[in-house]
Amino acid sequence: MDINDIIKPENLVYDKSPLQIDTIMHYCPGCSHGVVHKLVAEIIEELGIQEDTIGVSPVGCAVFAYNYIDIDWQQAAHGRAPAVATGIARTNPEKIVFTYQGDGDLASIGAGEILHACNRGENIVVIFINNAIYGMTGGQMAPTTLIGQPTSTSPNGRDVALNGYPMKMTEIIATLPGTYYVTRQSVHTAATVRKCKKAIKKAFQNVIAKKGTSFVEVVSTCNSGWKMTPVGANTWMEENMFPEYVPGDLKDNDIQKPASGN
Amino acid sequence: MGELRLMKGNEVLAEAAIRCGCDAYFGYPITPQSEVMETLMEQKPWESTGMVVLQAESEVASINMVYGAAASGKKAMTSSSSPGISLMTEGISYIAGAELPCLIVNVQRGGPGLGTIQPSQADYFQAVKGGGHGDYRLITLAPASVQEMHDFVKLAFDLAFKYRNPSMILTDGALGQMMEKVELADYTPRRTKEEIIDQCGSWATTGKTSGREKHVITSLEMDSHKMEQNNLRFQDKFKNIEANEVRYEAIRCDDAELILVAFGTSSRICQKAIELARDKGIKVGLIRPITLYPFPTAIIAELAPRVKGFLSVEMSAGQMVEDVKLAVYNARCITPVEHFGRMGGILPSPNEVVDALESKFLNQ
């Protein structure tokens, strides 16, 4: 048996989505962005919405998201992606609009824009990559940096007296009546990747059905910024990030809430 | 003859937007221009023309909503007043860098800082020299009447789409609050999806169909050589705008020995000052720039060799006067160029303008 007996369509177990563009990978080995980009591309393909989807890329490492997924994109100023997405979605209600933002973009400089877009219940998907650090600018402290976590602007670890506490954006977002679906996921194992894909797909389906804001946080690794190996970063994330940023659904309006006792 | 009405400048901005087929307005309240959004909310154009009107959480959000809509080929606008425009300058720079057409209206008030809510023209530099970071220009129109507040909404959009560049209407609290007779245009329907694709289909995010490459709206280019090429392309566009879009009005300049240069509210005051001066035997004319960018350099250069002086009358400490001086310099003339202005929300009186002409040019 030679290799050509194996390479046959009926033996295909994995294929790259045609929406994934062959481009020079600018993300570091071990980074979570690549996995989430792949999931978004696959979901847009599976839902057949390539012609109707407009992505909004942030400022940060994912600014170049538009080089990886073959759809129309707009690149927003730092933190402003939810306002840009509002402008697109309000004037193009037939389009499927999503933002893809990091923690510096969404939780720090863009905290106002994300809260108000979610509070208005804009019919958009928000994908929030939380790796507790500024990746592109070289590993500075983010609002989501853990207490004691060293970064280039908190070299002795985040000090509460100086910098305050890790900001739980997803918990805050879930309190807003405008949001329909709010969940926290990760992509560090095959099982969590499958689960995360289901969550992002559900978010896109919600927007297709015009149900309102669907918000997916992906607790992620930045092994370069954290100065760890990819495997070490995964372990560190499980041990340190998950207790603070607990994975799971925070809100799903599809599920009937039990009637209040009193 | 179109429909005649007595309207405030701010109200007519809203009315003109609906009537010219505008797709969206995003704004945030600020005195003295809040009537723009209030009029739109009262008119409910989403029920008639389908125009979207949304109150944003800030000026920062407003201009980024404009970015999103404009990048999908829509006719989008915002309005604000001086402190709000300062907040928008980040977004305006991105819009210019991404070459998006849109309309920004600045109903100026006195500054700096929170300043005052009374009229001013002290945002001239901010409007015509770019305002935000990087080498860019805004096509800047300066209405001098409620009628022009109406007419320039359509003109500003037309120029913005012609050049894929943001346009600004630079007006002030006096024109915004003033009521005058205005002839309203007939309704132009909003463009259909097909018409938007015809007009903007080569660049806008209208959805990636199988027949074309993906469109990416961005001002980012990491390759410096390509970024320089982008800048050279912008500069070519600005030269083209300077060559083709200068608009001004010349009033009683034929026999004039002294020329007032004034725009907007100041130009109205100057028209009265011309009458008072001529009653005293002083031959005065007025150049009223209608486009502040591109500035009407050529007419000033043409007048410079044969007049005794120019007086730039502005509700500021003297900003446009620098462009008048540049125009005179370009004509290789040494004609005196002076400035007279009031600040802090005070309008100059016609008599003060005549006094300034006399003291700066005649009683020496």
Side-chain angles (χ1 to χ4, degrees), chain A residues 18-19 21 23-24 26 44 49-60 63-97 99 109-120 122 124 136, chain B residues 22-26 46 50-76 78 88-95 97-98 100 102 132 190 193 196 203-222:
Chain A
L19 267 65
I21 300 168
T23 187
I24 296 167
H26 86 287
I44 292 170
I49 53 171
Q50 182 188 18
E51 296 194 0
D52 297 317
T53 303
I54 314 291
V56 183
S57 79
V59 169
V63 64
F64 294 119
Y66 53 67
N67 287 335
Y68 294 87
I69 305 174
D70 195 20
I71 53 168
D72 278 1
W73 285 92
Q74 297 189 17
Q75 193 277 309
H78 201 19
R80 318 299 178 216
V84 170
T86 299
I88 308 168
R90 292 283 178 142
T91 56
N92 299 273
E94 76 287 0
K95 292 280 188 275
I96 315 303
V97 184
T99 71
I109 196 166
E113 282 75 14
I114 190 63
L115 287 179
H116 285 278
C118 288
N119 195 48
R120 287 190 301 266
E122 296 295 340
I124 58 172
M136 181 164 256
Chain B
C22 180
D23 294 304
Y25 172 97
F26 303 100
W46 53 92
M51 177 182 173
V52 170
V53 187
L54 185 63
Q55 178 170 339
E57 66 270 28
S58 67
E59 289 89 348
V60 174
S62 305
I63 193 68
N64 283 285
M65 291 174 187
V66 168
Y67 180 106
S72 55
K74 303 288 181 175
K75 261 190 190 180
T78 184
M88 288 185 190
T89 50
E90 175 201 46
I92 295 172
S93 174
Y94 276 69
I95 287 171
L100 302 177
C102 73
R190 289 170 53 240
K193 272 177 204 165
I196 288 173
W203 56 268
T205 58
T206 50
K208 190 216 166 291
T209 48
S210 52
R212 68 158 169 85
E213 298 285 296
K214 70 179 158 66
H215 290 167
V216 177
I217 300 294
T218 182
S219 55
L220 176 68
E221 176 50 68
M222 295 294 274

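From a predicted model like this one, the values you see are computed outputs, not experimental measurements. Naming: A, B, ... by sequence-line order, numbering from 1 per chain.
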Quick check: do A/F64 and B/L220 have side-chain heavy atoms less than 4.5 Å from each other?
yes
Heavy-atom pairs under 4.5 Å with chain A, option from B/D23, B/V66, B/L54 with the top count:
B/L54
A/I71 portion near chain B, given a 4.5 angstrom heavy-atom threshold
backbone
Which region of B/V52, side chain (C-beta onward) or backbone (N, CA, C, O), has a non-hydrogen atom less than 4.5 Å from a non-hydrogen atom of chain A, or is it both or neither?
side chain
Can you run down the side-chain hydrogen bond (donor to acceptor under 3.5 Å, both in side chains) pairs that involve residues 86-95 of chain A, sequence neighbours left out, and say none if there aren't any?
A/T86-A/R120, A/R90-A/E122, A/N92-B/S72
Is A/V56 close to chain B through its backbone or its side chain, or both, or neither, when contacts mean heavy atoms under 4.5 Å?
neither
Atom group of B/S210 that falls short of 4.5 Å from chain A, counting heavy atoms
both
Rounded to the nearest 0.5 Å, what's the gap from NZ on B/K208 to CD1 on A/I54? Could you check?
11.5 Å
Quick one: of B/A76, B/A98, B/A71, B/A24, who has the most non-hydrogen atom pairs under 4.5 Å with chain A?
B/A71
Chain A contact via B/R190 - which portion, at a heavy-atom distance below 4.5 Å
neither
Is a side-chain donor or acceptor of B/K214 paired with a backbone partner of A/Y66 at a separation under 3.5 angstrom?
yes
Over all heavy atoms of both residues, which pair between B/S58 and A/E113 is shortest? Give the atoms and the distance, please.
OG-OE2, 4.4 Å
B/Y94 versus chain A, the contacting section by heavy-atom distance below 4.5 Å
side chain
Close side-chain approach of B/T209 and A/E51, heavy atoms under 4.5 Å
yes
Closest heavy-atom pair, B/T205 versus A/W73, reported as atoms and distance to 0.1 Å, is CG2-O, 3.4 Å
Choice from A/Q50, A/Q74, A/H116 maximising heavy atom contacts with chain B below 4.5 Å
A/Q74
Determine whether B/E57 and A/N119 satisfy the following criterion, side-chain contact (heavy atoms from CB on, under 4.5 Å), listing intermediate values before the conclusion.
CA-CA 11 Å; B/E57 66 270 28; A/N119 195 48; over 6 Å; no
Atom of A/A83, atom of B/A61 and distance for their closest heavy-atom approach
CB-O, 3.7 Å
If I compare all heavy atoms of A/D72 with all of B/A204, which pair ends up nearest, and what's the gap?
OD2-O, 3.8 Å
Taking the side chain as every heavy atom from C-beta outward, state whether B/I63 and A/R80 have any pair of such atoms under 4.5 Å apart.
no
Proximal component of B/M51, with respect to chain A [non-hydrogen, under 4.5 Å]:
neither
Can you tell me which portion of A/I69 sits under 4.5 Å from chain B's heavy atoms? Options are side chain, backbone, both or neither.
backbone
Which residues satisfy the side chain to side chain contact (heavy atoms under 4.5 Å, CB included) test with A/H78, sequence neighbours excluded?
A/V59, A/D105, A/I109, A/Y134
